[in-house]
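First listed ligand is number 1; within each ligand, the first listed atom is number 1. Nothing fancy with the numbering, it's 1 onward along the sequence. Everything numeric in this text was worked out from a predicted model, so none of it was measured.
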Amino acid sequence: MAKVMAVNCGSSSLKFKLYEMPEEKVITSGIVERIGHEDAIFQIKVGDNKLKEIVNVKDHGVAVQLVMDAMIKHHIIEDIHEIKATGHRVVQGGPYFSESTPFNEDTYKKIESLIPLAPLHNQAHLVGYDAFKKVLPNTPAIAVFDTAFHQTMGPEDYSYPIKKEYAEKYMIRRYGAHGTSHKYLTEIGHELLGNKENKRLIICHLGSGASITATRDGKCVATSMGLTPLGGIMMNTRTGDMDPSVYYQIQKMSGKSYEEIFQEFNKQSGLYGVSGTSNDSRDVEDAANGGNKDAQLALDLWARRIADFIGQYYVRLGGCDMIIFSAGIGENSPESRDMIIDRCKEALGIELDAEKNKCRGVLREISTPESKIKVYVIPTDEEVMIARDAYKLIKE
Ligand code: AMP
């Protein structure tokens, strides 16, 4: 038995989950938000209670110490050295990492070199790693990449039709994202299908960030997110794929800088931009139900773009054995699942069971026995995948 911590560091946050492995029992979890502020928010689960404090957290180092002190104070652990490994989520692994990798000088440098491809994320992951290294200098750490699962894509699926020089010099290609979630869901999907060969899955990870992945035999064949998380399907605040000249035209007409428009495409577009209401899909659904036409268009466009990707991946895989819905919207919004399937069911012979599709947040088959493709809701769990890989590291 060993305690292993899954860590997700953002530029001003630190999320953690401590597991007892190999049982995968969650011992505690929590978050430090607003790092860098005097009124940072620290939350930690102690038994069934969630404790919350407002504290001065000047940097990630203070945040890590805060988490360790709280775990000792509440007797979650008696000594920080009970933590035998940490697993750190890393958003961008570029072309270098096709699996989780122990942190060492080389790993660190490669993650650092990829900062231009994921400026906010990779930088923050390294700051987080450094902070843990200070507090737990001899505890093995492992980097778990969001992009690793997608490294099995072939050039036909990951290349962009741009000048070769750009692709090579600037490492411009599709890397994808949410790989840890897609891998987890693929594994569960295969178990549900009896672990048989030649199975083809279309996985819809629909959270505020969202992506769709096509897998065959448990490996990624194609994924919707691109060079950055801006690509692919329409999301809560991101555009997803568009004619690249939209960028050019808006820049020319508005006089705004490319940087400003890039931020708008990431943070003020998608469901939010089209509906003009909110970046939370629940609010957009409420607005549409109240007769807001822009909100209705936003939802229709969202569902259409997802259904189009499902159709594209059905062709890419030469068929499909299972469609999986997951993440915040995929797990919790029957209406959204219905809207998506409605737009591809005729061509693909899919039948949803309306009663079963009412489920929220649980693993459930939601298609009828007659449906040509099985459709499942499967709650995702990225943290347990991080803990599994970190535990593997100390066992080897
Ligand atoms: P995630 O990024 O996976 O945490 O997902 C966040 C998104 O899930 C937000 O847009 C939420 O509106 C959406 N979401 C969470 N709970 C529900 C719910 N009960 N019904 C519909 N959408 C939900």
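- The protein heavy atom nearest to atom 14 (N) of ligand 1 is G328 O, 3.6 Å.
- Looking at atom 21 (C) of ligand 1, its nearest protein heavy atom turns out to be R282 CG, 3.4 Å.
- Interface atoms of ligand 1 facing S333, defined by a heavy-atom separation under 4.0 Å, are 21 (C).
- Counting protein heavy atoms only, atom 6 (C) of ligand 1 is closest to S208 N, 3.6 Å.
- Here K374 does not pair with D321 in a salt bridge; the nearest charged N to carboxylate O distance is not below 4.0 Å.
- Ring centroid separation for the pair H88 and F103 comes in under the 6.0 Å cut-off.
- The aromatic rings of F262 and Y247 sit parallel, their planes meeting at an angle under 30°, below the 60° perpendicular limit.
- With respect to K356 and E365, no salt bridge is recorded, no charged nitrogen being found less than 4.0 Å from a carboxylate O.
- Of the candidates T237, D280, L271, T380, D280 brings a heavy atom nearest to atom 12 (O) of ligand 1.
- At under 3.5 Å, a nitrogen or oxygen of S281, whether backbone or side chain, sits near a nitrogen or oxygen of ligand 1.
- With a heavy-atom cut-off of 4.0 Å, N236 touches ligand 1 through its side chain alone.
- Other residues, nucleotides and ligands place no more than 12 heavy atoms under 6.0 Å from the CD atom of E105.
- From the protein, the heavy atom lying nearest to atom 18 (C) of ligand 1 is N332 CB, 3.3 Å.
- Close contacts of ligand 1 with G207, meaning ligand atoms under 4.0 Å from a residue heavy atom, involve 1 (P), 2 (O), 3 (O), 5 (O).
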> Between T186 and I203, does a side chain to side chain contact (heavy atoms under 4.5 Å, CB included) hold up when you go through it step by step?
Replying inline: CA-CA 8 Å; T186 304; I203 299 160; 3.1 Å; yes
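- Taking 4.0 Å as the cut-off between side-chain N and carboxylate O, E264 and K267 do not count as a salt-bridged pair.
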